[in-house]
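Below is one structure, written out as structure tokens; the observations come after it.
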Amino acid sequence: MSDKATLEVNGQKHEFPLITGTENEIAIDIKTLRATTGGVITIDPGYKNTGSCESAITFLDGEKGILRYRGYAIEDLAEKASFLEVAFLLIFGELPDAEELEKFHSDIKAQSLVDDDIRKIIDAFPKSAHPMGVLSSLTSALTAFNPSSVNVDSEEDMYNSVVKILGKFPVLVAWTLRKKHGLPLDYGDNSLGYVENVLKMMFHKPNEEYIQNQIVVDALDKLLILHADHEQNCSTSTVRIVGSSHAGLFASLSAGISALWGPLHGGANQAVLEMLEAIKEDGGDTKKYMAKAKDKEDPFRLMGFGHRVYKNFDPRAKIIKGSADEVLEDLGIEDSILDIAKGLEQEALNDDYFVKRKLYPNVDFYSGIIYRAMGIPTEMFTVMFALGRLPGWIAQWREMRLNKEPIGRPRQLYVGETHRTFVNLKKR
Ligand code: ACO
């Protein structure tokens, strides 16, 4: 096979090298395209065919339904590893040994205090504010309280920033919920595991002991692992592109949170549950909503269905569906929403429209049902996604800086007016 691609522009042939990844994916390296063709560019809205970087963090094959972090199958990690092990793996490239994991956790705990002045910022938000907006603002505000920028050439500096954000972020996550519920803000309990601490920080009441439920702890741990990275998706690309201007880590993460919020991305988990609720209230007629989803005149889409990359099945959705059954059964919860979800899935899997377009349930189709069973309010679902995605964003930001990637700055094809003569205000 040739190791070059040939492109003919205006009768002239140009050759571009092919690069092959470790999983034999092939890319055409067009770095010299503009220079050799006299300014010709490519147009690819939504970057459906464009690789923005080389990355050694996450591999996914959307046709085969494969997802691996640093080479390890998502199924193995979800079953056998903890969220903190996965965070370490994603960020530093290898699974930690017991000593490294313990040090990692204790360094994170040492950083879990958030400047008390951040309370003043949270106080200024109305209770009705969406937790994702609050989380994004608070994450950005961390920059003001930790102004020195990370020296990316120093491993120690990088490590300190990683543990700092992993320590403080869960506190901010919990505060967004506590603010909503009018509960006092506090700093958690460092004697607990990472996930236990998150749950206690979110739910404990000042006048009651908080009792951990191991089923909930394990299910949340698994959900966070499943959400931990997904290569160059919308929010991760945002984190990388913001960071490519050498903006700081917290500012880049804050931008990623905003990108995740949208209903076509992480916000889909909230949208799925709201859709299932609406179908239930409307009498549970799934066929009616299937028809709406297929009607091109109707803006309604079956939320939690379809994926830019997965065109066979989303391996995370498979694991989550099993988990949803287990968690609801273990907690003794009967939720008719789960039946509606399963009904919709069955209909979609047997419907020509969905089959032809390769639309399958994605990670968000069942995650909301589990969050709901855990007592997490719908508006917090995307915040939980952000908590899970945090190590992925950090890993991708770190990789981008260590690889010394250039500032992200796409080109455009201008289709506006050509040169016009300026007309003075009085004459217009
Ligand atoms: N319901 C109905 N039709 C759909 C759906 C859906 N959920 N998703 C895609 N389609 C249709 C489109 O209308 C289009 O049809 P056409 O070819 O007749 O025009 C075709 O399938 C292809 O869809 P695109 O929007 O072009 O696919 P794209 O890759 O750009 O979008 C996306 C992927 C955004 C995920 C889309 O499938 C969607 O909107 N899904 C619902 C929202 C959702 O669940 N998002 C979460 C994604 S996972 C995550 O981010 C964590």
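Numbering of ligands and ligand atoms starts at 1, following listing order.
Of all protein heavy atoms, the one closest to atom 42 (C) of ligand 1 is Met303 CE, 3.5 Å. Protein heavy atom nearest atom 11 (C) of ligand 1, with residue, atom name and distance: Tyr353 OH, 3.5 Å. In terms of protein heavy-atom proximity, atom 29 (O) of ligand 1 is nearest to Arg308 NE, 2.8 Å. Regarding atom 13 (O) of ligand 1, its nearest protein heavy-atom neighbour is Lys296 NZ, 2.9 Å. Taking atom 27 (O) of ligand 1 as the reference point, the nearest protein heavy-atom neighbour is Lys48 NZ, 4.4 Å. Nearest non-hydrogen protein atom to atom 9 (C) of ligand 1 is Leu359 CD2, 3.5 Å. When only non-hydrogen protein atoms are considered, atom 32 (C) of ligand 1 lies nearest to Arg301 NH1, 4.5 Å. Of all protein heavy atoms, the one closest to atom 50 (O) of ligand 1 is His265 ND1, 2.9 Å.
Contact between Phe365 and ligand 1 is absent, with no heavy atom of the residue lying under 4.0 Å from the ligand. Put simply, no part of His230 is less than 4.0 Å from ligand 1, judged by heavy atoms. In this structure, Phe300 falls outside the shell of residues with a heavy atom less than 4.0 angstrom from ligand 1.
Listed for the Ser136 side chain is no donor-acceptor partner under 3.5 Å among the backbone atoms of Ile257.
Residue pairs meeting the side-chain hydrogen bond (donor to acceptor under 3.5 Å, both in side chains) criterion with at least one partner in residues 296-307, sequence neighbours excluded, are Lys292-Asp298, Lys296-Tyr353.
Residue Phe385 approaches ligand 1 through these ligand atoms, each under 4.0 Å from one of its heavy atoms: 51 (C). Listed by atom number, the atoms of ligand 1 under 4.0 Å from Ala268 heavy atoms are 43 (C), 44 (O), 45 (N), 46 (C).
Looking at Asn362 against ligand 1, only its side chain comes within 4.0 Å, counting heavy atoms. By the criterion of a heavy-atom distance under 4.0 Å, neither the backbone nor the side chain of Asn233 is placed next to ligand 1.
Among the atoms of Leu302, some N or O lies under 3.5 angstrom from an N or O of ligand 1. Backbone and side-chain nitrogen or oxygen atoms of Arg316 are examined, and none is located within less than 3.5 angstrom of a nitrogen or oxygen of ligand 1. Checked by distance only, ligand 1 and Phe305 come closer than 3.5 Å through their nitrogen or oxygen atoms. Looking at ligand 1, you won't find any N or O of Phe354 less than 3.5 Å from one of its N or O atoms. At least one N/O-N/O distance between Arg357 and ligand 1 falls below 3.5 Å. The shortest N/O to N/O separation between Gly304 and ligand 1 falls below 3.5 Å.
Using a 4.5 Å heavy-atom cutoff, the side chains of Tyr360 and Leu349 are in contact. At a threshold of 4.5 Å between non-hydrogen side-chain atoms, the residues Met303 and Gln270 do not count as touching. Using a 4.5 Å heavy-atom threshold, the side chains of Leu253 and Phe169 count as separate.
The two residues Leu95 and Leu89 make their nearest non-hydrogen contact at N-CD1, 3.5 Å. Heavy atoms only, all atoms of each residue included: Ile370 and Ala219 are closest at CG2-CB, 4.3 Å. Closest approach of Gly256 and Trp393 over heavy atoms only: O-CZ2, 3.7 Å.
Under the 6.0 Å cut-off for aromatic ring centres, Tyr187 and Trp175 qualify, their centroids lying closer than that.
When distances from atom 22 (C) of ligand 1 to the protein are checked, no heavy atom turns up under 4.0 Å. For atom 17 (O) of ligand 1, a protein heavy-atom neighbour is found at a distance under 4.0 Å.
For Ile333, the side chain to side chain contact (heavy atoms under 4.5 Å, CB included) partners at least two apart in sequence or on another chain are Leu328, Leu331, Asp335, Ala373.
Between Lys222 and Asp218 no salt bridge is recorded (no basic side-chain N to carboxylate O distance below 4.0 Å). Between Asp76 and Lys80 a salt bridge is recorded (basic side-chain N to carboxylate O distance below 4.0 Å).
Classification of the His265-Phe385 ring pair by plane angle, with boundaries at 30° and 60°, yields perpendicular.
Checked by atom type, the side-chain pair Thr378/Glu274 shows no donor-acceptor distance below 3.5 Å.
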